[in-house]
Asker: 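Let me begin by handing over the structure; questions about it come next.
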Amino acid sequence: MRRTHNCGELRATDAGKEVVLMGWVQRRRDHGGVIFIDFRDRGGITQIVFNPEHSPASHEKAQVIRSEYVLGVRGKVLLRPDDMLNDKMDTGAIEIMVDELKIFSHAETPVFPVEDRVEASESIRLKHRHLDLRRPQLQKNIMARHTASQAIREYLNDLGFLDIETPFLTKSTPEGARDYLVPSRVSQGNFYALPQSPQLFKQMLMISGFERYYQIVRCFRDEDLRADRQPEFTQIDMELSFVGEDDIMEITEGLIKTVFKKVRDIDVNTPFDRITYAEAMERFGLDRPDLRFGMELCNVSDIVKDTGFKVFASVVKNGGMVKAINAKGCINFSRKEIDSLTDFAAIYRAKGLAWIKVKEDGWQSPIAKFFTQEEKDVLAKRIDMETGDLIFFVADTPQITNEALGQLRNELARRLDLIDSNTYRFVWVTHFPLLEYDEMEKRYQALHHPFTAPLEEDLDKLDTDPLNVRSRAYDMVLNGTEIGGGSIRIHSQELQEKVLKTLGISEEEAHEKFGFLLDALASGTPPHGGLAFGFDRLAMLLCQEESIRDVIAFPKTQKASCLLTDAPSQAGVAQLQELAIKVVKIEE
RNA sequence: GGGGGCGUAGUUCAGUUUGGUUAGAACGCCUGCCUGUCACGCAGGAGGUCGCCGGUUCGAGUCCGGUCGCUCCCGCCA
């Protein structure tokens, strides 16, 4: 018996053919006489029929068949009678009348039915991932992911990129995320770190003269998980020599265009819009703006800085910021709805959410009485208040005001159903600040990473006004989600040393941690830059899934454990001894 | 590190507010019947450590304390 077709490809035009299908039993319907089975493989589902009058032997054998049995069947493709077509199935015009049945495997009753519409809990699904992965939806996702990765390889190969592997057992880097450590047996007491990204290696490859590199590569970060974050995740990692921002943007826009076309048959328009970080923050409050709807933020700090409403005035006087958002026509929001939005803003540390309902005869608002008529007029004009509008204000530090109001903007759009889920709106965010100040550690930190080039025109501010140095970093944002980011790198040793120094990394530490890079930079380094996409997130968006776990074959739980294999687990005494590792309990 | 939700039959859930007889439903499973179903139908049946540990009580799925797990979010994630 040799398989001739898959379960998704037979059509009315195949009627009369003798075929052999192999797959799993999706569902069995036994009528006492005739038995119908929905037969599934990765190609789809076809109905197979056991008829005691047609083939008594195979019908008899079919009595024992249950869900998820694995079968091979030989039979003839028959057109179904006109009144028995199933237009919900791709193969609904035909069925296979079985002449010969081979039962390859019996199966225990599955813990949950292998069907898309069944919603088993996530932990059950992960524990029995082999069953979960049989569900057509997950099969589709994993296949779409494959299509995407192949499209990416093909596209980059054609542009002269080389796929070059980089080490997993590598060196811990300061800055950035927590590392996963791997103990060394042959060098006891020493540890490798799994790479958070191949950043330094790809720069080394540029210095080595490979000019165009890519890798679809696993990266590891020991941080807390989210619906869109796993401890090991996949990047589409790229680096190019002799290029500037425009080259990289053009190539990666083409990459995205190709992937969306091949995976979803969606035409993405290029080039993408570009917006600076400063403009994104001003208009949307976030560095990853969702441009599918308007409702932009409005800075009113200058208007309220001397107002009688002390909360606003004092925030501005202390270097804070007051911004507003106009929920057009939302005057009918109840007190309860406004309270729930206030709670929402509080998640992002906003201490309150002031509001104004714009009525025909004036403002209805707890804060209206604090404003003079003149202030009211100026505010109304700035925020474009019209009768029926509902205005929200947040007053806090610039960071909190922007974050809270930016998130509120997204939340309002969701609640007001302003978002067309079939729209794909891409935008580049550029000119990120090079540094930010870490209040906890009392020092500057790289916003992107320490190898990002400062904007040339801002170089002189590195000593005098470091926080206002802009960088040559850029993020690709899709519908309010960052899907990729990168930068033009520093290619001069002097500048690299200077930036490391600004970051408070001593010369000694710099040479210990990055000496190899600094040496390499001095050996003749081409100008270079690159970008990395979060492949899992991209796949998630392509598959229209809510969780990254639905596009990863074997994902981990929020506690970073694998319910299938039960990793992580205790190591044996002998193993630990070999590594000279002793496990100690840490008391609270 | 912090906040929210969840944990009861194989699965999804109700029951927990207000402690009280034998813990229910649907789907799935098993048995029988059924020759055109496609979420087949009909009849019958089995199936429970109410996550775990401890406490209060005459009595705990229900109240209290602890603990474990899953999930969403904040912090964190250059």
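Chain identifiers are assigned alphabetically (A, B, ...) following the order of the sequence lines, protein sequences preceding nucleic acid strands; residue numbering begins at 1 within each chain.
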Asker: So, does A:Ser487 use its side chain to make a donor-acceptor pair with the main chain of A:Ala473 at under 3.5 Å?
Answerer: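 Absent.
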
Asker: What is the distance, to the nearest angstrom, from the CZ atom on A:Arg125 to the C1' atom on B:U12?
Answerer: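 Computing the A:Arg125:CZ to B:U12:C1' distance gives 14 Å.
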
Asker: If I pick the P atom on B:A43 and the same atom on B:G20, what distance separates them, to the nearest angstrom?
Answerer: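 B:G20 and B:A43 have their P atoms separated by 34 Å.
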
Asker: For the pair A:Trp428 and A:Tyr474, name the ring-plane relationship: parallel under 30°, tilted 30 to 60°, perpendicular over 60°.
Answerer: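 The rings of A:Trp428 and A:Tyr474 stand perpendicular, inter-plane angle above 60°.
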
Asker: Is the distance from OP1 or OP2 of B:U37 to the nearest side-chain N or O of A:Arg80 less than 4.0 Å?
Answerer: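 No, outside the criterion.
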
Asker: Is any side-chain heavy atom of A:His491 closer than 4.5 Å to a side-chain heavy atom of A:His528?
Answerer: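 Answer yes - side chains close enough.
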
Asker: Over how many whole Å does the gap from A:Met89 atom CE to B:U37 atom P extend?
Answerer: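 Going from A:Met89 (CE) to B:U37 (P), I get 15 Å.
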
Asker: Identify the pairs formed between an N or O of the protein and an N or O of nucleotides 69-73 of chain B at a distance under 3.5 Å, and give each distance.
Answerer:
residue : atom : partner  : partner atom : Å
B:C70   : OP1  : A:Thr557 : OG1          : 2.9
B:C70   : OP1  : A:Ser561 : OG           : 3.1
B:U71   : OP2  : A:Gln558 : N            : 2.6
B:U71   : O3'  : A:Arg549 : NH2          : 3.2
B:C72   : OP1  : A:Arg549 : NH1          : 3.3
B:C72   : OP1  : A:Arg549 : NH2          : 2.5
B:C72   : OP2  : A:Arg549 : NH1          : 3.4
B:C73   : OP2  : A:Ala227 : N            : 3.2

Asker: Whether the side chain of A:Asp536 engages the backbone of A:Ile548 through a donor-acceptor N/O pair (distance < 3.5 Å, no angle test) should be reported.
Answerer: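 Answer holds: no.
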
Asker: Counting distance only, does the side-chain N/O of A:Lys202 pair as donor-acceptor with the main-chain N or O of A:Asp237 below 3.5 Å?
Answerer: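 Side chain of A:Lys202 to backbone of A:Asp237, a donor-acceptor pair under 3.5 Å: no, none is there.
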
Asker: Please state the P separation for the pair B:C29 and B:A23 - nearest whole angstrom.
Answerer: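 That atom pair is separated by 25 Å.
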
Asker: Looking at the rings of A:Phe201 and A:Tyr213, which for Trp means the six-membered one, are their centres under 6.0 Å apart?
Answerer: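 A:Phe201 vs A:Tyr213: aromatic centres not under 6.0 Å.
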
Asker: Quick one: salt bridge (charged side-chain N to carboxylate O under 4.0 Å, His left out) pairs with a partner in residues 475-488 of chain A, sequence neighbours left out?
Answerer: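 For residues 475-488 of chain A: none.
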
Asker: Strictly below 4.0 Å: does A:Arg66 bring a side-chain N or O up to OP1 or OP2 of B:C30?
Answerer: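 A:Arg66 to B:C30 OP1/OP2: side-chain N or O found under 4.0 Å.
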
Asker: For RNA chain B, determine which residues of residues 32-50 of chain A have any heavy atom closer than 4.0 angstrom to one of its atoms, and list them numerically.
Answerer: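 Under 4.0 Å from RNA chain B: A:Gly32, A:Gly33, A:Val34, A:Phe36, A:Asp38, A:Gln47.
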
Asker: Nearest-Å distance, CG (A:Asp343) to P (B:G2)?
Answerer: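 For the pair A:Asp343 CG and B:G2 P, the rounded distance is 21 Å.
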
Asker: Taking atom C1' of B:C30 as reference, at what distance in whole Å does atom CG of A:Asp30 sit?
Answerer: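 Computing the A:Asp30:CG to B:C30:C1' distance gives 14 Å.
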
Asker: Any donor-acceptor pair under 3.5 Å linking the side chain of A:Thr91 with the backbone of A:Ile45?
Answerer: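 Yes, the answer is positive, given that a donor and an acceptor are paired below the 3.5 Å cut-off.
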
Asker: For the C1' atoms, the ones on B:C70 and on B:G51, what distance do you get once it is rounded to whole angstrom?
Answerer: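 After rounding to an integer number of Å, I get 11 Å for this pair.
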
Asker: Please report the distance separating the P of B:G10 from the corresponding atom of B:G3, rounded so that it comes out in whole Å.
Answerer: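 Straight-line distance between the two P atoms is 33 Å.
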
Asker: A:Ile94 CD1 to B:G36 C1': how many Å, rounded?
Answerer: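 Checked: the CD1 to C1' distance equals 15 Å.
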
Asker: Taking donor-acceptor contacts at under 3.5 Å, does the side chain of A:Asn86 reach the base of B:C38?
Answerer: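 Answer yes: a donor N or O sits under 3.5 Å from an acceptor.
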
Asker: Return the value, rounded to whole Å, for the distance between atom CG of A:Leu78 and atom C1' of B:U37.
Answerer: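 After rounding, the reported distance stands at 15 Å.
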
Asker: Can you name the residues that form a ring pair (Phe, Tyr, Trp, His ring centres under 6.0 Å) with A:Phe451, not counting sequence neighbours?
Answerer: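 Once residues adjacent in sequence are excluded, the partners of A:Phe451 under the ring pair (Phe, Tyr, Trp, His ring centres under 6.0 Å) criterion are A:His449, A:Phe514.
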
Asker: Using the P atom on both, measure B:A60 against B:U17 and round to a whole Å.
Answerer: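 One P to the other, the span is 15 Å.
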
Asker: From B:C29, B:G36, B:C38, pick the nucleotide closest to the side chain of A:Glu95?
Answerer: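 That would be B:G36.
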
Asker: Closest-nucleotide mapping onto RNA chain B: is A:Val111 or A:Phe451 further toward the 5' terminus? I mean the 5' end.
Answerer: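 The answer here is A:Val111.
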
Asker: Throw together a table of side-chain donor-acceptor distances under 3.5 angstrom for residues 398-407 of chain A, partners on residues two or more places apart or in other chains.
Answerer:
residue  : atom : partner  : partner atom : Å
A:Thr401 : OG1  : A:Met321 : O            : 2.9
A:Thr401 : OG1  : A:Asp396 : N            : 2.9
A:Thr401 : OG1  : A:Asp396 : O            : 3.2
A:Thr401 : OG1  : A:Thr397 : O            : 3.0
A:Asn402 : OD1  : A:Lys323 : NZ           : 2.6
A:Asn402 : ND2  : A:Pro398 : O            : 3.2
A:Glu403 : OE2  : A:Gln407 : NE2          : 3.4

Asker: Kindly say whether, by distance alone, the side chain of A:Asp224 makes a donor-acceptor pair under 3.5 Å with the base of B:G75?
Answerer: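 Answer is yes: a donor-acceptor pair is held.
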
Asker: With a 3.5 Å cut-off and sequence neighbours excluded, list the donor-acceptor pairs that the side chains of residues 549-558 of chain A form with protein atoms.
Answerer:
residue  : atom : partner  : partner atom : Å
A:Arg549 : NE   : A:Glu122 : OE2          : 2.6
A:Arg549 : NH2  : A:Glu122 : OE1          : 3.4
A:Asp550 : OD1  : A:Arg125 : NH2          : 2.9
A:Lys556 : NZ   : A:Glu232 : OE2          : 2.8
A:Thr557 : OG1  : A:Lys559 : N            : 3.2
A:Thr557 : OG1  : A:Ser561 : N            : 3.3
A:Thr557 : OG1  : A:Ser561 : OG           : 3.0

Asker: Could you tell me how far B:G24 sits from B:U8 if I compare only their C1' atoms? Round to whole Å.
Answerer: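 The same atom, C1', in both gives a distance of 10 Å.
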
Asker: Can you tell me the pairing partner of B:G47 across any strand shown, Watson-Crick or G-U wobble, with both distances under 3.5 angstrom?
Answerer: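 B:G47 is unpaired by these criteria.
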
Asker: Taking 4.0 angstrom as the limit, do A:Arg415 and A:Glu337 come out as a salt bridge?
Answerer: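 Result for this pair is no, no salt bridge flagged.
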
Asker: Between the base of B:C40 and the ring of A:His31 - centre-to-centre under 5.5 Å, planes within under 30° - is that a stack?
Answerer: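 Yes; centroid distance and tilt both under limits.
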
Asker: Do A:Arg229 and B:C77 have a side chain to base donor-acceptor pair shorter than 3.5 Å?
Answerer: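 Between B:C77 and A:Arg229, which were checked side chain against base, a qualifying N/O pair under 3.5 Å is present.
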
Asker: What is the distance, to the nearest angstrom, from the CE atom on A:Met84 to the C1' atom on B:U35?
Answerer: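 It is 11 Å, rounded to the nearest whole Å.
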
Asker: For the C1' atoms, the ones on B:G28 and on B:A9, what distance do you get once it is rounded to whole angstrom?
Answerer: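 Result for the C1' pair: 11 Å, nearest Å.
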
Asker: Is there a side-chain contact between A:Arg29 and the phosphate of B:C40, meaning an N or O under 4.0 Å from OP1 or OP2?
Answerer: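 Answer is yes, contact under 4.0 Å.
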
Asker: Applying the Watson-Crick and G-U wobble criteria at under 3.5 Å, what pairs with B:A9? Answer none if nothing qualifies.
Answerer: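 Check on B:A9: unpaired, no WC or wobble geometry under 3.5 Å.
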
Asker: What is the separation between atom CG on A:Asp116 and atom C1' on B:U12, rounded to the nearest whole Å?
Answerer: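 It is 16 Å, rounded to the nearest whole Å.
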
Asker: Please pick, from B:C29, B:G75, B:C40, the nucleotide with the shortest atom-to-atom distance to any side-chain atom of A:Ser67.
Answerer: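 From the listed options, B:C29 comes nearest.
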
Asker: Mind checking the P distance from B:C13 to B:G59? Whole angstroms is fine.
Answerer: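 Their P atoms lie roughly 33 Å apart.
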
Asker: Any strand counts, and the cut-off is 3.5 Å on both contacts for Watson-Crick or G-U wobble. Which nucleotide pairs with B:A14?
Answerer: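 Partner of B:A14: none found under 3.5 Å.
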
